[in-house]
Undergrad: 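Okay, handing you the structure first.
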Amino acid sequence: MLTNGPTKPLLHNGPVSRWIIGPLFVLMAACGATDPGTTEPVTQPEAERLAERHMVSAAHPAAVEAGLEVLRNGGHAVDAAIAVQMVLGFIEAPETGIGGGGFLLLHDATRGTTHMYDGRETAPAAATPDRFRTFGIEHPLGLAIPSGSSVGVPGLISMLGKAHADHGRISWAELLEPAARLAESGLPMPPRLRQQIESDWSLRLFADTRQFFRGQLDGADSTLRNPELAATLRHLALEGPDALYHGPVAEAIVERVSSARWGKADMQLSDLANYRSVVRDAVCAPYREWTLCGGAPPSSGGITILQMLGMLEHFDLPQMSPEDPATVHLIAEVSRLAFADRNHYIGDPDSVEIPIEDLLDRDYLSQRAGLINPLRAMEHARPGEPGGRIELTELRPRSEPPEHGTSHFSVVDGDGNLVALTSSNEAPFGSRMLVNGMVLNNQLTDFTFNPHLGQGAHPNAVGPGKRPRSSMSPFIVLDQAGEPVLVVGSRGGSRIIGYVLKTLVGVLDWGLDIQEAIALPNLVERGEGIELEENTSIARLADSLREMGHEVKILPMTSGLHGIERIGNGWRGGADPRLDGVARGD
C-alpha cells in the first residue's frame, strides 16, 4: 500500500523559527557538515577495472552489480542505467532518487549520434520571479531549502521512462525489481551514509529526516531499509513511469509539499500531469584531435567546459605539469572567463535565447584566451560579447553555495552504447521532505534568487514551468573516426564543472589513465577564487598563486567522478577514491 510519509517539520511556523533555521542551514553549509567524504581513500586495482565487453562505474558496488546483471542478460546501456539509478536512489538517498531529476547523455553506437535526455525538474505553473524574495530581499538559502518553494516537479522517472521506451530491451518492471528487493530486505548501513547522517545535526530539526534517517541509526541493527520506497518502486513497475505523475503517488507529493510550514507551496496535480522530459541534441565541439559532447542547457556544464577547453587549446597544456602554479593559474583563468559567460547567458533553453554557437565559436574563444596573462591573474573576468552582443555589467557572480546532493555513473554495453547519467536532489537530503519513501528535491533553489541582471531579466530567473540552470556535466569523448573513447561525469554542485574539466585534461592532455585522472587533486575556480583540495600536493601551491594575484582557499572537495575509457578492444574504468564506488565489467 502506498502511504504518505511524515508531514510536519519539528519547529512551528512562528517568526522565531523562520529566522533561526536559515542561519543554522547557512552555518551547516559553511562547515561542510553535509559532505563528510571518506577518511581513507582507496584506489581500486587496475585488474578489477578492465573489461572486454561491458562495464559500469558508480558510487556503490551494489549499484554496479545491478547494472552488470542487466548487461549480462543482453540489456542496453539504458536498461543498465535504470537498474543502477534505482539502486543508488535507495543507497544514496541523500544525493539522488526518484524525487529528483537528472540528465542522461547517450551515445548510440548504431546511429553514431550523441544526445541528451533532459529530466530536469520544473517550477510549478504558478511560480513567479520573486519566489525567493520578500519585499525585494532575498531569502536566506537555509530558509529556502526546507520550504514549499524549493521543490520542483521530479523529472528523473519521466526521463528514464522515455529513454527506456526508445532503447530498452528488458521490461521496465524487471529493471526496478532489484532496487525494490534491496529496499525491502535491506543491506548493511553504508559507512558513508552513516557518516552523513551523524554529521548533519540539522536532520533532527525536521520530522521527515528525523524519523527516517535518524531512525535508521537508532534501531537495534545497522541495516538500511526503506519498505515505503520498495512499495513505490513496485507500484511504478506495475503501472509504468507515468504512475509518478498521476494517481496516489502524485497526490502524495502535492499533499506533502502543500503541508510545508513556510514558502510558496503552490505545486498542483496539474504540474505533475503536465511534466514532460525532453530529448535534446548534445552540445559538441572539437578539442585538439577529439570531439567532446556534453550536456545541453539547462545544464551549463557542457557549454562551460567546452569553452574552457576551447581557450586551453591555445596553450601547450600537454607540456605543462599538473602541479605547476602556471598550470593551475591557466586553468583558473579560463574557468573565470567561462563562468562569467555561464552566469550571464545560460538558463532554460525553452524560456531564454542562449547563443550556443556564438559562445563556442573558435574565434570568440581565441579572443577570450587572449585576455589571459600567463603571469598574472586578471582583475575582473567579465562576460564576453559573442556574436556582437552587449557586454555584461555583472563583474562577479552571486556566490553559489556548497551542493553535494548528486550522483554520477557511467555505463558501456556490449554493443558500444555509452551512458553518462548525473542525477540529483540538489542539497544533501533535498528539501528535508520525504513522501512514499522518496526524498523530495530542493532543485528550485538552483534558480537565481535575484531575477534581474542589469536592466533586464536574469536568464536563470524563476518562471512558470521553467527548468533551473544546472551544473551537472555528463561528457562523452569521440575520436577522429567518431568512435567513443571516454565517458565521465561527477557529483559536486557547481564544482562539478571543474572536477570534470580536470579529468578530461588529465586523460586527453597528460595521457593519464582514467583512474589516475580522477584521483588528481581537485582545483576549481567559479569566479570566487581558486579552491584547492585540502591534504593534497596541490595545496602547496597556494602561496605561489596568491603572488600571482589569485584569491585562494584550501577546502575539502569530495568529488564523485566515475568514468570509463576505451583501451584497444576493451574498456578501463575509474571510480573516485574519495567515495566507495567501483568500476567493474566483464
Undergrad: To the closest 0.5 Å, what do you measure between CD1 (I356) and CG (D361)?
TA: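 Answer rounded to 0.5 Å: 13.5 Å.
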Undergrad: Return the minimal non-hydrogen interatomic distance between S494 and S471, and the atom names on each side.
TA: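 Looking at all heavy atoms of both residues, the shortest contact is CA-OG, 3.3 Å.
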Undergrad: Could you work out, with ring pair (Phe, Tyr, Trp, His ring centres under 6.0 Å) as the rule, every residue matching H107, not counting sequence neighbours?
TA: none
Undergrad: Calculate, to the nearest 0.5 Å, the distance between atoms OG1 and CG belonging to T114 and L106 respectively.
TA: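 One gets 7.5 Å once the value is rounded to the nearest 0.5 Å.
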Undergrad: Should the pair R566-D479 be classified as a salt bridge under the 4.0 Å nitrogen-to-oxygen rule?
TA: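 So R566 does not pair with D479 through a salt bridge.
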Undergrad: Restricting to non-hydrogen atoms, name the atom on I514 and the atom on G574 that form the minimum distance, rounded to 0.1 Å.
TA: CG2-N, 3.7 Å
Undergrad: So, D446 and R120, do they make that salt bridge, N to O below 4.0 Å?
TA: yes
Undergrad: Nearest 0.5 Å please: distance from the CZ atom of F315 over to the OG1 atom of T327.
TA: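 One gets 11.5 Å once the value is rounded to the nearest 0.5 Å.
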Undergrad: Between S423 and L156, what is the shortest heavy-atom contact and its length?
TA: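 Distance-wise, the nearest heavy atoms are CB-CD1, 4.0 Å.
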Undergrad: Walk me through it: do V552 and L541 pass the test side-chain contact (heavy atoms from CB on, under 4.5 Å)?
TA: CA-CA 9 Å; V552 181; L541 306 181; over 6 Å; no
Undergrad: What I want to check is whether the side chains of Y117 and D166 have a donor and an acceptor closer together than 3.5 Å.
TA: yes
Undergrad: Any ion pair linking R280 and D118 (charged N to carboxylate O, less than 4.0 Å)?
TA: yes
Undergrad: Partners of R276 by side-chain hydrogen bond (donor to acceptor under 3.5 Å, both in side chains), sequence neighbours excluded?
TA: none
Undergrad: Using only atom types and a distance under 3.5 Å, with no angle test, would you say the side chain of Q515 pairs donor to acceptor with the backbone of A575?
TA: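 Yes.
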Undergrad: Taking side chain as C-beta onward, heavy atoms only, is E534 less than 4.5 Å from I554?
TA: yes
Undergrad: Is the shortest side-chain heavy-atom distance between V352 and K466 below 4.5 Å?
TA: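 Sidechains of K466 and V352: in contact.
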Undergrad: Test your reading of the model: is there a side-chain donor-acceptor pair from R49 to the backbone of G585, 3.5 Å cut-off?
TA: no
Undergrad: Sort and list the pairs that fulfil disulfide bond (SG atoms under 2.5 Å apart) and have at least one residue in residues 290-330, not counting sequence neighbours.
TA: C284-C293
Undergrad: Restricting to salt bridge (Lys or Arg N to Asp or Glu O under 4.0 Å), what partner residues turn up for R540, sequence neighbours left out?
TA: none
Undergrad: Kindly state each residue pair satisfying disulfide bond (SG atoms under 2.5 Å apart) with at least one member in residues 335-377, sequence neighbours excluded.
TA: none
Undergrad: Ignoring hydrogens and geometry, is there a side-chain-to-backbone donor-acceptor pair from T445 to S150 under 3.5 Å?
TA: no
Undergrad: Does any non-hydrogen side-chain atom of L453 lie less than 4.5 Å from one of P459?
TA: yes
Undergrad: Among residues at least two apart in sequence or on other chains, which ones pass salt bridge (Lys or Arg N to Asp or Glu O under 4.0 Å) with E121?
TA: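 For E121, no residue satisfies salt bridge (Lys or Arg N to Asp or Glu O under 4.0 Å) once neighbours in sequence are set aside.
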Undergrad: Check the pair R491, E92 against salt bridge (Lys or Arg N to Asp or Glu O under 4.0 Å), reporting the backbone distance first and the verdict last.
TA: CA-CA 12 Å; R491 71 189 285 276; E92 287 198 306; 5.6 Å; no
Undergrad: How long is the straight-line distance from CG of L309 back to CD of Q307, given to the nearest 0.5 Å?
TA: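 Output value for this atom pair is 10.5 Å.
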Undergrad: For a quick test of reading the model, state the closest non-hydrogen atom pair linking V283 to G295 and the distance between them.
TA: CG2-O, 4.0 Å
Undergrad: Does any non-hydrogen side-chain atom of S559 lie less than 4.5 Å from one of E533?
TA: no
Undergrad: Name all residues meeting the salt bridge (Lys or Arg N to Asp or Glu O under 4.0 Å) criterion together with D543; count only those two or more places apart in sequence or in a different chain, and write none if there are none.
TA: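 R546.
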Undergrad: If you measure from CG on L365 to CG on L360, what distance do you get to the nearest 0.5 Å?
TA: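 Output value for this atom pair is 6.5 Å.
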Undergrad: Listed by chain and number, what are the side-chain hydrogen bond (donor to acceptor under 3.5 Å, both in side chains) partners of E531, not counting sequence neighbours?
TA: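 Listed in chain order: R495, R526.
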Undergrad: Which residues satisfy the side-chain hydrogen bond (donor to acceptor under 3.5 Å, both in side chains) test with D348, sequence neighbours excluded?
TA: none
Undergrad: Do V488 and F475 come within less than 4.5 Å of each other through their side chains, counting heavy atoms only?
TA: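 Heavy-atom side-chain distance check passes, below 4.5 Å.
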Undergrad: Run the side-chain contact (heavy atoms from CB on, under 4.5 Å) check on W571 and L50 step by step: do they pass?
TA: CA-CA 6 Å; W571 302 95; L50 299 176; over 6 Å; no
Undergrad: I'd like to know whether L292 forms a side-chain contact (heavy atoms from CB on, under 4.5 Å) with L508, so could you lay out the CA-CA distance, the side-chain angles of the two residues, the decisive distance to 0.1 Å, and finally the verdict.
TA: CA-CA 11 Å; L292 281 74; L508 302 180; 4.2 Å; yes
Undergrad: Any side-chain heavy atom of I518 within less than 4.5 Å of one from P577?
TA: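 A side-chain contact under 4.5 Å exists here.
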Undergrad: Just checking N569: does its CG atom have more than 12 heavy atoms from other residues, nucleotides or ligands closer to it than 6.0 angstrom?
TA: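 Atom CG in N569 is not packed in, count stays at 12 or less.
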Undergrad: Tell me, with the steps shown, if R469 and H458 meet side-chain contact (heavy atoms from CB on, under 4.5 Å).
TA: CA-CA 11 Å; R469 182 175 63 204; H458 198 290; 4.1 Å; yes
Undergrad: Any side-chain hydrogen bond (donor to acceptor under 3.5 Å, both in side chains) pairs touching residues 284-301, not counting sequence neighbours?
TA: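 Counting only pairs at least two positions apart or across chains, the side-chain hydrogen bond (donor to acceptor under 3.5 Å, both in side chains) contacts touching residues 284-301 are Y287-D509, R288-D509, S300-R342.
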Undergrad: Any side-chain heavy atom of L561 within less than 4.5 Å of one from K502?
TA: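 Heavy-atom side-chain distance check passes, below 4.5 Å.
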Undergrad: Only one of E48, E565, E516 forms a salt bridge (Lys or Arg N to Asp or Glu O under 4.0 Å) with R572, so which one is it?
TA: E565
Undergrad: Taking S321 for the side chain and E323 for the main chain, is one N or O donor matched with an acceptor at less than 3.5 Å?
TA: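 Yes, S321 side chain to E323 backbone: donor-acceptor pair under 3.5 Å.
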Undergrad: Is there a donor-acceptor pair under 3.5 Å between the side chain of H550 and the backbone N or O of E333?
TA: no
Undergrad: Give a yes or no on this: more than 12 heavy atoms of other residues, nucleotides or ligands lie within 6.0 Å of atom CG of D281.
TA: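 Open: at most 12 neighbouring heavy atoms sit under 6.0 Å from CG of D281.
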Undergrad: Just by distance, no angles: are the side chains of D341 and Y364 close enough, under 3.5 Å, to form a donor-acceptor pair?
TA: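 Looking only at side-chain atoms, Y364 and D341 do form a donor-acceptor pair, the distance falling under 3.5 Å.
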Undergrad: Kindly give the heavy-atom pair with the smallest separation between V84 and G67, and that separation in Å.
TA: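 Closest approach of V84 to G67, heavy atoms only: CG2-CA, 3.6 Å.
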Undergrad: Short question: side chain of N417, backbone of A77 - any donor-acceptor pair under 3.5 Å?
TA: no
Undergrad: Counting N and O atoms only, with roles assigned by atom type, does the side chain of N343 sit under 3.5 Å from a partner on the main chain of F339, one being a donor and the other an acceptor?
TA: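 Answer holds: yes.
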Undergrad: Can you check whether M378 reaches N373 side chain to side chain, under 4.5 Å on heavy atoms?
TA: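 SC-SC contact between M378 and N373 ruled out.
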Undergrad: Quick one: ring pair (Phe, Tyr, Trp, His ring centres under 6.0 Å) partners of H60, sequence neighbours excluded?
TA: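 If we apply the ring pair (Phe, Tyr, Trp, His ring centres under 6.0 Å) test to H60, skipping adjacent residues, there are no hits.
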Undergrad: Minimum heavy-atom separation for T122 and R467, please, with both atom names.
TA: CG2-CG, 3.6 Å
Undergrad: List in chain and number order the residues that pass salt bridge (Lys or Arg N to Asp or Glu O under 4.0 Å) with D415, two or more places apart in sequence or in another chain; answer none if no residue qualifies.
TA: R169
Undergrad: Is the backbone of T113 close enough, under 3.5 Å, to the side chain of D108 for a donor and an acceptor to pair up by distance?
TA: no
Undergrad: Could you check whether any side-chain N or O of S410 sits under 3.5 Å from a backbone N or O of H562, counting only pairs where one atom can act as donor and the other as acceptor?
TA: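 Indeed, once roles are kept as given, a pair shorter than 3.5 Å links the two residues.
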Undergrad: Is a side-chain donor or acceptor of E525 paired with a backbone partner of E528 at a separation under 3.5 angstrom?
TA: yes
